[in-house]
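The basis for the numbers below is simple: all heavy atoms, side chains too, and nothing from hydrogens, waters or symmetry mates. Nothing fancy with the numbering, it's 1 onward along the sequence.
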Amino acid sequence: FLSQLYQVVRRSIILFGLGLFGNNGRNVYTWRIPGVLQRFGVSYLVCALTELATSYLYQIDKPFVPKHRYLVFIHDLTNNWVQWIIMVTFTFLWLMITFLLPLDNGCPTGYLGPGGLVEGGKYKTCTGGAAAKIDNWILGKEHIYQGPTPRAMYNTGPYDPEGILGTLTSIVLCFLGVQCGRILTSYQSHKERIGRFLFWGVILGGIAAGLCGCQQNEGVIPVNKNLWSLSFILVMASFAFFLFSLFYVLCDVVHVWNGSPFRFPGMNSILVYMCSEVFQGFFPFSWTQQDDSHLKLLSANLVAVSVWVLLSYYWYRIGFFVKI
């Protein structure tokens, strides 16, 4: 247990540290603290510690072994009910903070809009709602992302899409990935596995559709990547289950595809990510264009991805792998 705990904490610290390094903190007074790898590190830490702690408890009190055929059908749930309680608690905590935390500067409680110039500037300083308030309070405006995507359209202030509050829903999304893996370890037949992958895809997608009203910017909880809203993570999880079902069939059932060439970046995912962060301003990963049309930006990104895939394949051929 202690060796596993050490590995989990060590890996989480390395991920968080690499994220800080990638934020290029030459000025400690304006060093951005949140980030993608930081979010990965925290989400991994919480999910891994949850699995370790509950597995330790299960060794003391043996996991429930279902005997009734209806309980066997949900065997992947009955043996991790403690983890589900924890994740549901995180979900309710995100909901309560998002919709009940009083905001400053006359912003309405539960505000989920972009702020800035929207609605004639009525909510100019409300960008991010409760998520922004928590980041500004704990981290300070100088240590969060200064160029959020709403700024170009709505002329908003600083806001960090990888902030503290959204980490709660990120953890839940990470756990849904763990649930996907649990299906693989709990059931042996292709039919049982694929059926459950599709089941989770439908259930999670249905909940997300209900929350957002099947609209892009409407509903009780709109699909919002910047906020990592509950509907957003459920949509992502739903598509992930559906895509995983497809890839599972292609790779493990009918054996018509081995995952190439995308499996090569997956073998060096952290190295590829860090290199893309460091070299994103260099050719051939990006270049200056006369106009930033969607077609030209898409073409540039496709070239960059292709180069990283080729580099990943080269690293695979020479046996060069970076592990943390």
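Listed for the Arg317 side chain is no donor-acceptor partner under 3.5 Å among the backbone atoms of Ser312. Of the possible polar contacts, one joining the Asn268 side chain to the Val322 backbone as a donor-acceptor pair under 3.5 Å is found. In terms of modelled atom types and a separation under 3.5 Å, the side chain of Asn105 and the main chain of Cys107 share no donor-acceptor contact. Put simply, the side chain of Asn224 never gets that close to the backbone of Phe232: no donor and acceptor are under 3.5 Å apart. Although no hydrogens or angles enter the test, the distance criterion places a donor-acceptor pair under 3.5 Å between the side chain of Ser229 and the main chain of Pro222.
Checked against Tyr187 for a side-chain hydrogen bond (donor to acceptor under 3.5 Å, both in side chains), the options Glu192, Arg182, Arg196 give a single hit: Arg196.
For the residue pair Glu277 and Asn24, no side-chain donor N or O sits within less than 3.5 Å of a side-chain acceptor on the partner. Checking Thr54 against Gln83 by side-chain atom types alone, a donor-acceptor pair falls below 3.5 Å. Side-chain contact of Arg39 with Ser170: a donor-acceptor pair under 3.5 Å is present, judged by distance alone.
Using a cut-off of 4.0 Å between Lys/Arg side-chain N and Asp/Glu carboxylate O, Lys124 and Glu119 are scored as not salt-bridged.
By the 4.5 Å heavy-atom criterion applied to side chains, Val46 and Phe90 are counted as neighbours. The shortest side-chain heavy-atom distance between Phe285 and Trp308 falls under the 4.5 Å cut-off. Here the side chains of Trp257 and Phe247 are in contact, with some heavy-atom distance below 4.5 Å. The shortest distance between side-chain heavy atoms of Leu37 and Phe21 does not fall below 4.5 Å. Contact check for Leu95 versus Thr98: no side-chain heavy atoms found under the 4.5 Å cut-off. Between Thr30 and His143 the shortest side-chain heavy-atom distance does not fall below 4.5 Å. A 4.5 Å side-chain heavy-atom check between Gln179 and Met87 finds every atom pair outside the cut-off. Counting heavy atoms from C-beta on, the side chains of Leu168 and Val172 never come closer than 4.5 Å.
Taking both residues in full, the closest heavy atoms of Gly157 and Pro148 are given as O-CG, 3.4 Å, listed atom of the first, atom of the second, then distance. In plain terms, the two heavy atoms of Gly115 and Tyr154 that are nearest each other are O-CB, 3.8 Å.
Here OH of Tyr44 is found 14.0 Å from CD1 of Ile171. Values are rounded to the nearest 0.5 Å. To the nearest 0.5 Å, atoms CG (Leu173) and CD1 (Ile233) are separated by 5.5 Å.
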message = What verdict does the side-chain contact (heavy atoms from CB on, under 4.5 Å) test give for Val42 and Ser12, after you've listed the backbone C-alpha separation in whole Å, the side-chain angles of each residue and the deciding distance to 0.1 Å?
response = CA-CA 7 Å; Val42 174; Ser12 301; over 6 Å; no

inquiry  = Evaluate Ile144 against Arg32 for side-chain contact (heavy atoms from CB on, under 4.5 Å), listing each step before the verdict.
reply    = CA-CA 5 Å; Ile144 63 176; Arg32 181 193 176 198; 5.6 Å; no

message = Does Leu165 form a side-chain contact (heavy atoms from CB on, under 4.5 Å) with Ile97? I'd like the steps, not just the answer.
response = CA-CA 8 Å; Leu165 183 59; Ile97 294 176; 3.8 Å; yes

inquiry  = Working note: Phe320 + Leu271, criterion side-chain contact (heavy atoms from CB on, under 4.5 Å); need CA distance, chi angles, decisive distance, verdict.
reply    = CA-CA 10 Å; Phe320 179 72; Leu271 176 62; 3.6 Å; yes

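Residue-environment remark: CH2 (Trp137) stays at or below the threshold of 12 foreign heavy atoms within 6.0 Å. Residue-environment remark: CZ (Phe264) exceeds the threshold of 12 foreign heavy atoms within 6.0 Å.
Taking the six-membered ring for Trp and the full ring otherwise, the centers of Tyr145 and Tyr159 sit at least 6.0 Å from each other. In this structure, Tyr248 has its ring center closer than 6.0 angstrom to the ring center of His190.
The aromatic rings of Trp84 and Trp200 sit parallel, their planes meeting at an angle under 30°, below the 60° perpendicular limit. By the 30° and 60° cut-offs, the orientation of the rings of Phe99 relative to Trp94 is perpendicular.
Judged by a 6.0 Å distance limit and a 45° cone about the ring axis, Arg193 is not positioned over the six-membered ring of Phe244. Within the cation-pi definition used here (under 6.0 Å to the ring centroid, within 45° of the axis), Arg26 does not qualify as a partner of Trp31.
Cys47 has its SG atom 2.5 Å or further from the SG atom of Cys174.
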